[in-house]
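Below is one structure, written out as structure tokens; comments come after it.
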Amino acid sequence: MNLPLGFIIPHIFHGFASKSAFAPQAASLQNLRFSNLSLKEMATVPGQLIWEIVKKNNSFLVKEFGNGTAGVKFSKEPNNLYNLHSYKHSGLANKKTVTIQPGKDQSVLLATSKTKKQNKPASLLNKSLMKKEFYRMAKAVTNQVADNHYRPDLKKAALARLSVVHRSLKVAKSGVKKKNRQA
């Protein structure tokens, strides 16, 4: 149900304003008093509400049109392993997210978000740098994502992203290529 903003705002302020909720002076922000609320008591916005707000249009959305009317939606948002525009893989709407990126000096960065620090972006991620062989990195990713009961539904996506990032870090062997001398 889509309601206009002019209808919603007076109803939101109805509890804070005087008895005539539709009067413009009653719905003004000067009449509201939040002095007894602290930051600890303020509730965070649920992920499903965030997804409903950003799913149709946001700055990270990339629409690709295929054959006929078949279209695919991708997302460039951070913390999205498959880069698909869906609630499951969204890094904006979910509190628990996983990121795998290339690091410095042939290393891979695994980052998971902290659920209690959602309003502090600087300390939001638990970062760990992995410099070992692929088998040990895969085991570490599996332990962090699935075995720790963090986000077991993202295990396959995390391992796929780890494989791609690890393959991209391999240095190509340099040297002169031999020419094919067949006539």
Next item on the list: For Glu77 and Ser90, run side-chain hydrogen bond (donor to acceptor under 3.5 Å, both in side chains): C-alpha distance rounded to whole Å, both residues' side-chain angles, the deciding distance at 0.1 Å, then the answer.
Entry: CA-CA 8 Å; Glu77 65 192 28; Ser90 176; 3.1 Å; yes

Notebook entry, point to check: Within a reach of under 6.0 Å around CG of Asp153, are more than 12 heavy atoms found that belong to other residues, nucleotides or ligands?
Noted result: yes

Next item on the list: For atom CD of Gln101, decide whether the heavy atoms of other residues, nucleotides or ligands shown that lie under 6.0 angstrom number more than 12.
Entry: yes

Checklist line | Closest non-hydrogen atom pair, Ser86 against Trp51 | finding: C-CH2, 3.5 Å

Check: Mind checking whether Arg161 and Asn83 have side chains closer than 4.5 Å, heavy atoms only?
Finding: yes

Notebook entry, point to check: Of all heavy-atom pairs between Asp147 and Asn143, which one has the smallest distance, and what is that distance?
Noted result: OD2-OD1, 3.0 Å

Next item on the list: Go through Glu133 and Arg136 one step at a time and tell me if the side chain to side chain contact (heavy atoms under 4.5 Å, CB included) criterion holds.
Entry: CA-CA 6 Å; Glu133 58 266 7; Arg136 288 188 180 189; 3.1 Å; yes

Next item on the list: Please name the pair of heavy atoms, one in Tyr87 and one in Gly47, separated by the smallest distance, quoted to 0.1 Å.
Entry: CE1-O, 3.7 Å

Margin query: Would Ser163 and His166 count as a side chain to side chain contact (heavy atoms under 4.5 Å, CB included) here? Give the steps.
Written below: CA-CA 5 Å; Ser163 175; His166 187 263; 6.0 Å; no

Note to self: Hydrophobic clusters here meaning ILVMFWY residues chained together by side-chain heavy-atom distances under 4.5 Å, can you tell me if Leu49 and Val54 are in one?
What the structure shows: yes

Notebook entry, point to check: In the hydrophobic clustering (ILVMFWY, side-chain contacts below 4.5 Å, transitive), which residues join Val98, or is it alone?
Noted result: Leu81, Ile100, Val108, Leu110, Met130, Phe134, Met137, Val141, Val145, Tyr150, Leu154, Leu159, Leu162, Val165, Leu169

Margin query: Please give me the minimum heavy-atom distance between Lys88 and Asn94, naming the atom from each residue.
Written below: O-ND2, 3.2 Å

Checklist line | Flag side-chain contact, heavy atom, 4.5 Å: Lys73 against Val62 | finding: no

Checklist line | Neighbour count >12 (heavy atoms, 6.0 Å) for atom NZ, Lys114 | finding: yes

Next item on the list: Kindly compute the distance separating NZ (Lys139) from NZ (Lys132), expressed to the nearest 0.5 Å.
Entry: 10.5 Å

Margin query: Closer than 3.5 angstrom, by distance alone: can the side chain of Ser113 be matched with the main-chain N or O of Thr97 as a donor-acceptor pair?
Written below: yes

Item checked: Minimum heavy-atom distance Lys96-His149, with the two atoms named -> NZ-O, 4.2 Å

Notebook entry, point to check: Is there side-chain contact between Asn58 and His85, with at least one heavy-atom pair below 4.5 Å?
Noted result: yes

Checklist line | Candidate pair Lys155 and Thr142, rule side chain to side chain contact (heavy atoms under 4.5 Å, CB included), full reasoning | finding: CA-CA 6 Å; Lys155 176 184 172 184; Thr142 303; 3.6 Å; yes

Check: In the single-linkage hydrophobic clustering (I, L, V, M, F, W, Y; side-chain heavy atoms under 4.5 Å), do Phe74 and Tyr82 co-cluster?
Finding: yes

Next item on the list: Determine whether the side chains of Thr99 and Asn79 contain a donor N or O and an acceptor N or O closer than 3.5 Å.
Entry: yes

